[in-house]
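Right, one structure below, let's go through it.
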Amino acid sequence: MSAPATLLDKLWSAHEIRRAADGTSLLWVDRHLVHEGSHHAFGALRARGLPVAEPGLTFGVVDHYAPTRHRDRIEDASIRVMIDRLEANTAEHGVRLFGLNDPRQGIVHVLGPEQGLTLPGLLITCGDSHTSTHGAFGALAFGIGATQVAHVLATQTVWQAKPRAMRLVFEGKAGPAVGAKDMALHWIARLGTSGATGHAVEYAGPAVRALSMEGRMTLCNLSIEGGARFGMVAPDETTFAYVQGRPYAPKAADWDRALEDWAALTTDAGAHFHAEARFDMAEVAPTVTWGTTPEQALPIDATLPDPARLTGPQAEAVRDAMDYMGLVPGRPLAGTPVDQVFLGSCTNARIEDLRAAAAVLKGRKAKVPGTVSPGSMLIKAQAEQEGLDRIFIEAGLDWVGAGCSMCVGMNGDLVAAGKRCASSTNRNFRGRQGKGARTHLMSPVMVAAAAVTGTLTDARPLLEGRV
Amino acid sequence: MAGWTRHQGQAVALPRANVDTDQLIPARFMSASRAEGYGRFLLHDLREGDPDFPLDRHPQASILVAGENFGCGSSREAAVYALVDAGFRVVVAPSFADIFAGNAVNNGLLTVATDQARAILAVLGDGTLSGTADLAAGTLRIGDFDIALTLPEAVREKLINGWDDIDLTRAHSGEIRNFRDRRKSDHPWAFPST
């Protein structure tokens with residue numbers, strides 16, 4: 001009998017082709033997802049005169065530069081050229097593209113699972129740090145840089161040192177208006193933005209089991225904000241029910257074989273984790289970031305830190321962040337006025353996120369302008385079928401197309417300098433949503449609550465009697 | 001990419017923790033072709049509002065000393081391009097984000113994770129110190145600070161020879177082909193036919 005293994009161990013050994021003397025592994029890649037930002041890698045391939053090794057395992061998606069409005073005529077030539085380049089590169093190499101006019105187009109980390117390209121047990125790479133999202137299915141999924149993208153294109157393999165295993169256990173049951181986003185911001189605030197650097201995080205415990213696939217994807221998506229390149233949840237019935245019947249999911253006899261294989265994708269009892277932390281859901285409140293790194297997050301009913309009560313570099317970091325964010329130390333976080341809201345991104349733009357926000361917004365008006373960008377055009381269609389679009393539009397928000405949009409601003413959807421945005425996205429870095437923009441990260445229900453009150457607000461009272 | 005064995009240059013301080021990739025290169029510059037050079041985008045928005053920014057006071061510097069968790073955030077290799085195109089060959093910090101550190105090696109940029117970074121920052125202040133990185137000897141000297149480099153052999157060779165993994169990997173193409181065939185027969189669903 002072999003030693004008890006973690007889910008990470010099992011996924012790693014299933015993909016290891018060889019191991020170099022220094023311990024780095026050469027891993028087989030089952031799915032390689034490319035987007036407009038992959039142009040450097042295609043250029044490197046061209047410079048060497050190499051073909052794409054496995055066009056059938058490579059999938060292109062237009063998302064980072066995808067316009068969310070007026071798709072028929074893109075006036076900004078620098079945006080048009082990025083999309084054209086991806087179209088040309090994928091066509092040249094025989095790679096399937098989910099292009100701008102494809103009814104399935106969407107954010108790569110939304111589209112992959114939706115199409116059944118993301119499956120338990122697969123190794124998935126993409127030139128994007130939020131690739132950890134796909135780990136929600138019990139896949140080994142991680143973001144890579146352009147040189148590695150070129151390497152995967154050329155060889156369908158990737159060199160990677162095995163990370164250390166870390167387990168984050170969430171005990172208890174989520175309270176009202178608390179979800180996966182709050183769980184993620186909570187652990188990152190506790191352990192820090194580099195708290196999981198060098199590790200692959202496995203999320204476990206009853207509160208993780210209770211999450212839908214959408215929630216698990218949100219949790220795994222944000223792993224990188226705590227430093228972990230990999231996040232994962234062992235697959236279970238929730239996973240299998242989500243995957244079954246998706247276009248690229250296994251069918252008939254293959255499905256039965258796959259299920260048998262996937263059932264073994266769990267961490268064995270007694271397996272060793274290099275690090276472990278436990279969290280009690282009773283302590284997880286609706287959480288909002290106040291600063292310029294995701295670890296600068298607090299429960300909505302907390303007061304802002306006061307650098308005068310801190311010392312050394314910590315005081316300086318808090319003062320610096322407060323200054324950029326235009327906040328007053330020691331004041332309550334709730335009640336801070338916002339200028340606009342954004343509901344979207346690979347973190348929180350799935351159907352469940354839109355439903356949750358709509359539950360707050362129904363029959364209410366937004367006091368500030370805002371944009372709702374579904375994670376994919378299929379989610380957009382589904383939301384419209386459910387009448388969610390009417391709720392957003394009647395509240396006064398813009399209902400637009402799918403893409404990375406205002407999370408990263410590459411498509412021109414930007415927050416103006418000095419403006420404060422309540423955002424369901426993943427990074428509150430300086431300038432992330434636009435030069436000088438002030439970003440507060442929070443869940444979709446909290447974004448909706450900010451919209452109807454025009455301030456950072458506890459969503460719980462606004463949800464009473466509604467869910 | 002060209003390899004290097006010994007680098008001598010001036011070290012400059014960027015006394016900030018969590019310098020993320022959105023600060024290293026704001027997203028709006030990333031559609032530029034590499035041939036245009038990414039150096040002018042380095043830390044663009046931080047520098048713009050600050051005439052005393054350390055990198056502008058010492059434009060000849062090629063060794064950057066910074067706070068912890070350097071390079072956190074996105075996987076954009078453009079963050080490394082910006083540093084390399086601005087002339088940097090070495091970054092020293094108490095810790096680095098994983099993806100950034102991997103991207104750096106692939107572009108001839110040496111990252112040195114050491115607790116001594118804090119002390120070096122304190123000595124550097126607004127000025128510079130001369131520094132020498134020697135990959136063959138496995139040493140980095142900045143001012144009076146001596147740091148032993150603990151590089152995996154593969155990383156050291158890659159930096160010295162300017163190697164790119166593709167050639168190394170293609171030498172194993174038989175093994176890769178065998179793995180693929182086995183995977184296809186054991187896990188047919190991993191090869192979609194739709």
Side-chain angles (χ1 to χ4, degrees), chain A residues 17-18 20-24 26 28 30 37 40 43 48 50 56-57 65 78-79 81-82 117 119 121-122 127-129 143-148 150-151 154-157 159 163 193-194 197-198 227 229 247-250 254-255 257-258 261 293 313 317 408-410 427 429-432 435, chain B residues 15-18 20-23 26-28 30-34 45-46 48 67-69 72-78 80-81 95-100 102-103 105-107 118 152-155 164-166 168-170 172-173 175-176 178-180 183 186-194:
Chain A
I17 301 166
R18 66 178 286 118
D22 67 356
T24 310
L26 182 65
W28 174 256
D30 294 307
H40 290 292
R48 302 174 64 118
L50 291 171
L57 301 180
Y65 290 83
S78 70
I79 289 173
V81 76
M82 293 299 286
L117 288 167
L119 298 172
L122 297 188
D128 188 275
S129 61
I144 56 178
T147 302
Q148 287 182 301
H151 186 276
T155 67
Q156 201 60 26
T157 65
W159 286 100
T193 45
S194 56
T197 299
R229 201 168 180 176
Y248 287 88
D254 270 354
W255 173 257
R257 250 176 102 180
D261 187 79
T293 93
V408 66
M410 287 173 166
R427 288 188 175 132
F429 297 157
R430 292 162 178 267
R432 169 78 176 183
K435 197 171 164 182
Chain B
R16 285 172 172 269
N18 300 311
D20 60 70
T21 53
D22 278 273
Q23 288 179 73
R28 64 182 183 277
M30 284 169 52
S31 58
S33 118
R34 180 72 190 277
D45 293 351
L46 278 180
E48 202 176 48
E68 65 191 19
N69 199 28
C72 60
S74 88
S75 61
R76 60 182 73 162
E77 202 158 299
V80 176
Y81 302 160
S95 61
F96 290 87
D98 292 338
I99 306 181
F100 178 87
N103 290 342
V105 179
N106 287 326
N107 290 277
R118 294 184 184 91
E153 187 53 26
V155 168
D164 155 337
D165 287 335
I166 293 177
L168 298 175
T169 304
R170 279 158 64 90
H172 304 297
S173 56
E175 252 175 295
I176 295 171
N178 290 340
F179 187 96
R180 179 196 197 276
R183 182 132 185 97
D186 295 349
H187 299 79
W189 59 87
F191 293 78
S193 49
T194 308

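Throughout, a chain's letter reflects where its sequence line sits, starting with A, and its residues are numbered from 1.
Heavy-atom distances place both the backbone and the side chain of A:H151 under 4.5 Å from chain B. Heavy-atom distances place both the backbone and the side chain of B:D165 under 4.5 Å from chain A. When heavy atoms are compared at a cutoff of 4.5 Å, A:A317 does not approach chain B at all. Looking at A:D254, both its backbone and its side chain come within 4.5 Å of chain B, counting heavy atoms on both sides. For chain A, no part of B:F100 is nearby; none of its heavy atoms comes within less than 4.5 Å. Contact of B:N106 with chain A is made through backbone and side chain together, with heavy-atom distances under 4.5 Å. For a residue to count as touching a neighbouring chain, one of its non-hydrogen atoms must lie under 4.5 Å from one of that chain's; by this rule A:A258 touches chain B with backbone and side chain alike. With a threshold of 4.5 angstrom between heavy atoms, A:L57 approaches chain B through side-chain atoms but not through N, CA, C or O. For a residue to count as touching a neighbouring chain, one of its non-hydrogen atoms must lie under 4.5 Å from one of that chain's; by this rule B:E68 does not touch chain A. When heavy atoms are compared at a cutoff of 4.5 Å, B:L46 approaches chain A solely by way of its side chain, counted from C-beta outward. With a 4.5 Å cut-off on non-hydrogen atoms, B:Q23 touches chain A through its side chain but not through its backbone.
Distance check: A:R427 CZ to B:T21 OG1 gives 6.0 Å after rounding to the nearest 0.5 Å. For the atom pair B:I99 CD1 and A:R229 CZ, the distance stands at 4.5 Å (nearest 0.5 Å). Here the straight-line distance linking atom CG of A:L122 with atom NE2 of B:H187 works out to 9.0 Å at 0.5 Å rounding. Separation of atoms CD (B:E153) and CG (A:D22) is listed at 8.5 Å; rounding is to 0.5 Å. Rounding to the nearest 0.5 angstrom, the gap separating the NZ atom in A:K435 from the CZ atom in B:R28 is 5.0 Å. Distance check: B:S74 OG to A:D128 CG gives 7.5 Å after rounding to the nearest 0.5 Å.
For the 3.5 Å distance criterion, the side chains of A:T293 and B:N18 fail to qualify, holding no donor opposite an acceptor.
Counting heavy-atom pairs under 4.5 Å between each of B:A97, B:A32, B:P188, B:G67 and chain A puts B:P188 at the top. The greatest number of non-hydrogen atom pairs below 4.5 Å with chain B, out of A:M410, A:R430, A:R257, is found for A:R257. For the set B:V155, B:T169, B:N107, B:N103, the entry with the most heavy-atom pairs within less than 4.5 Å of chain A is B:T169. Ranked by non-hydrogen atom pairs under 4.5 Å with chain B, the options A:I79, A:V408, A:T193 are led by A:T193. Heavy-atom pairs under 4.5 Å with chain A peak, among B:A17, B:G73, B:P152, B:S173, at B:G73.
Nearest heavy atom pair, residue B:P192 against residue A:G56, reads CG-O, 4.2 Å.
Proximity of a side-chain donor or acceptor of B:E77 to a complementary backbone N or O of A:T147 within less than 3.5 Å is detected. Under the 3.5 Å distance criterion, the side-chain polar atoms of B:D98 are left unmatched by any main-chain donor or acceptor of A:T197.
Between A:R48 and B:D164 a salt bridge is recorded (basic side-chain N to carboxylate O distance below 4.0 Å).
Side chains of A:L50 and B:R170 form a contact here, defined as non-hydrogen atoms less than 4.5 Å apart. No side-chain heavy atom of B:H172 sits less than 4.5 Å from a side-chain heavy atom of A:T155. Looking at heavy atoms from C-beta onward, B:M30 lies in side-chain contact with A:Y65 at the 4.5 angstrom threshold. B:W189 is listed as a side-chain neighbour of A:D261, based on a closest heavy-atom distance under 4.5 Å. Inter-residue side-chain proximity for A:Q156 and B:R180 is flagged as unmet; no heavy-atom pair is nearer than 4.5 Å.
The aromatic rings of B:Y81 and A:H40 sit perpendicular, their planes meeting at an angle over 60°, well past the 30° parallel limit.
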